[in-house]
Amino acid sequence: MTSIDPRSPLAAALQAQLASVRDRARVQHRSKAAASDESTRTRTSLAQRVGAIGRDDPERRRKAVRLYLESELAREFGSALLNDPALPQMLDAVQQRML
């Protein structure tokens, strides 16, 4: 009669758990990389948009703050927010409160 090796089921269970942890780590890494790429694009876009405001524009600071608010709200709540027709009024309200 052959004996049953008690380590076999333990090894299989450990391998399954490790594979699961590795898979989750890969997915998290991919999602972090994608978020990092999007964040870089957002910062670049913001810098370009702020840079496009004329240096002699007396409203330059207010406009730059508004662009920053817009980008932060879009980052937090999703870029679909930028298509919302009520966004300009919300930005006005937020910026007014900040002042």
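Hydrogens, waters and symmetry mates play no part in the numbers below; they use all other heavy atoms, side chains included. Remember, predicted model here, so these are calculated numbers, not experimental data.
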Problem - Under the side chain to side chain contact (heavy atoms under 4.5 Å, CB included) test, residues paired with Arg24 that sit two or more places apart - result: Ser20, Val21

Exercise for the section: Mind checking the CZ-CZ spacing from Arg55 to Arg60? Nearest 0.5 Å is all I need. Expected result: 5.0 Å

Handout entry: Hydrophobic cluster membership, Met90 vs Val65, 4.5 Å side-chain cutoff
Key = yes

Exercise for the section: Please identify each residue that fulfils side chain to side chain contact (heavy atoms under 4.5 Å, CB included) with Ala86, with sequence neighbours left out. Expected result: Asp84, Gln89

Exercise for the section: Indicate yes or no: at least one non-hydrogen side-chain atom of Thr44 is less than 4.5 angstrom from one of Gln48. Expected result: yes

Problem - Joint hydrophobic cluster, Tyr68 plus Val94, side-chain heavy atoms closer than 4.5 Å - result: no

Exercise for the section: Determine whether Glu70 and Leu46 make a side-chain contact, defined as any pair of heavy atoms from C-beta on separated by less than 4.5 Å. Expected result: no

Handout entry: Partners passing side chain to side chain contact (heavy atoms under 4.5 Å, CB included) against Asp92 (at least two apart in sequence or in another chain)
Key = Arg66

Practice task
Quick one: closest heavy-atom pair of Ala64 and Ile53, and the distance?
Solution key: N-CD1, 3.8 Å

Exercise for the section: Would you mind reporting whether Leu73 and Leu91 have side-chain heavy atoms less than 4.5 Å apart? Expected result: yes

Handout entry: Minimum-distance pair of heavy atoms, taken over all atoms of Leu81 and Leu87
Key = O-CD2, 3.7 Å

Fill in the blank from the handout: In this structure, CG of Asp57 is separated from NZ of Lys63 (nearest 0.5 Å) by 3.5 Å

